[in-house]
Novice: 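One structure, pasted below without further comment.
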Amino acid sequence: MKIIYNRFIPFGRNFLAINLFGILFAKGPCDSVTINHEEIHTRQMRELLYLPFYVAYVVEWLFRLAQYRDFMKAYAAISFEREAYANQRDLGYLRRRRPYSFLKYL
């Protein structure tokens, strides 16, 4: 995974890294857990052919935002994020992960 360190992306103080089309933009050094989290997202993106991933991500976030009325709770409830957070510390997860595993977290 290519990592680009910069001061601007991702926007906001709550996020230290963002994965855009398989490229990780980070405000500072990333540990193996963060990189694994973002590699899980890259796998999700590939399964959905990138653009549909972003559409599904935003649609689910909007649904969760209406449900929870809280930006961070909505973010944490997105199925893609739930899968990534649940497995980010398991560095072998991607080797045994089945396709479309994020569906278990809907």
Novice: What is the distance from atom OG1 of T42 to atom CG of L20, rounded to the nearest 0.5 Å?
Specialist: 10.0 Å
Novice: Say whether F63 and Y68 are linked into one hydrophobic cluster, either directly or through other cluster members, by side-chain heavy-atom distances under 4.5 angstrom.
Specialist: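 As far as the 4.5 Å side-chain criterion goes, Y68 and F63 are not connected within one cluster.
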Novice: Testing the basics here: between Y5 and G28, what is the closest heavy-atom pair and its distance to 0.1 Å?
Specialist: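 Scanning both residues completely, I find the closest heavy atoms to be CE2-O, 3.0 Å.
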Novice: So if you build clusters from Ile, Leu, Val, Met, Phe, Trp, Tyr with side-chain heavy-atom gaps below 4.5 Å, do I78 and Y50 land together?
Specialist: yes
Novice: Parallel, tilted or perpendicular: which describes the rings of F80 and F102, with under 30° parallel and over 60° perpendicular?
Specialist: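 Because their plane-to-plane angle lies in the 30° to 60° range, the rings of F80 and F102 count as tilted.
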Novice: To the closest 0.5 Å, what do you measure between CD1 (I9) and CD1 (I18)?
Specialist: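 One gets 8.0 Å once the value is rounded to the nearest 0.5 Å.
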Novice: Supply the atom-to-atom distance S32 OG to H37 NE2, rounded to the nearest 0.5 angstrom.
Specialist: 13.5 Å
Novice: Are V58 and M72 linked, directly or through intermediate hydrophobic residues, by side-chain heavy-atom contacts shorter than 4.5 Å (ILVMFWY only)?
Specialist: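 Same cluster.
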Novice: Closer than 4.0 angstrom, basic N to acidic O: yes or no for E47 and R97?
Specialist: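 Looking at R97 together with E47, the answer is yes, because their closest N to O distance falls below 4.0 Å.
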Novice: Could you measure the distance from the CZ atom of F25 to the NZ atom of K2? Nearest 0.5 Å is fine.
Specialist: 9.0 Å
Novice: Please give me the minimum heavy-atom distance between A17 and P10, naming the atom from each residue.
Specialist: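 What the structure gives for the nearest pair is N-CG, 3.6 Å.
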Novice: Taking only residues two or more places apart in sequence or in another chain, which ones pass salt bridge (charged side-chain N to carboxylate O under 4.0 Å, His left out) with D70?
Specialist: none
Novice: Might you point out which heavy atoms bring R82 and A77 nearest each other, and give the distance in Å?
Specialist: CD-O, 3.3 Å
Novice: State, to 0.1 Å, how close R43 and L94 come at their nearest heavy-atom pair, and which atoms those are.
Specialist: NH1-O, 3.2 Å
Novice: Specify the closest pair of heavy atoms between N19 and E38, including all atoms of both residues, with the distance to one decimal.
Specialist: ND2-O, 2.8 Å
Novice: Would you say the ring centroid of F21 lies under 6.0 angstrom from that of Y54?
Specialist: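 For F21 and Y54, the ring centres are under 6.0 Å apart.
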Novice: Do Y93 and E39 meet the criterion of a side-chain donor-acceptor pair at a distance under 3.5 Å?
Specialist: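 No, E39 and Y93 have no side-chain donor paired with an acceptor closer than 3.5 Å.
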Novice: Rounded to the nearest 0.5 Å, what's the gap from NZ on K73 to CZ on R64? Could you check?
Specialist: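 Rounded to the nearest 0.5 Å, the NZ-CZ separation comes out at 13.5 Å.
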Novice: Classify the side-chain pair H41/E81 by whether it contains a donor and acceptor separated by less than 3.5 Å.
Specialist: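 Checked: H41/E81 side chains pair up, N/O donor to acceptor below 3.5 Å.
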Novice: Would Y85 and L103 show up in the same hydrophobic cluster when neighbours are defined by side-chain heavy atoms closer than 4.5 Å?
Specialist: yes
Novice: For a 4.5 angstrom cut-off between non-hydrogen side-chain atoms, does L48 reach Y100?
Specialist: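 With C-beta onward as the side chain, the pair touches.
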Novice: Go through the steps for I40 and N87 under the test side chain to side chain contact (heavy atoms under 4.5 Å, CB included), then give the verdict.
Specialist: CA-CA 8 Å; I40 293 168; N87 298 289; 4.0 Å; yes
Novice: Would you call the rings of Y57 and F53 parallel, tilted or perpendicular if under 30° counts as parallel and over 60° as perpendicular?
Specialist: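 Correct class here is tilted.
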Novice: Once you round to the nearest 0.5 Å, how far does CZ of F71 lie from CG of N14?
Specialist: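 Separation between the atoms: 7.5 Å.
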Novice: Which heavy-atom pair separates L65 from A74 by the least distance, and what is that distance?
Specialist: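 Of all heavy-atom pairs spanning L65 and A74, the closest is N-CB, 3.4 Å.
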Novice: Would you kindly confirm whether L51 and L62 end up in one hydrophobic cluster when ILVMFWY residues are joined by side chain heavy atoms under 4.5 Å apart?
Specialist: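 No: no chain of side-chain contacts under 4.5 Å links L51 to L62.
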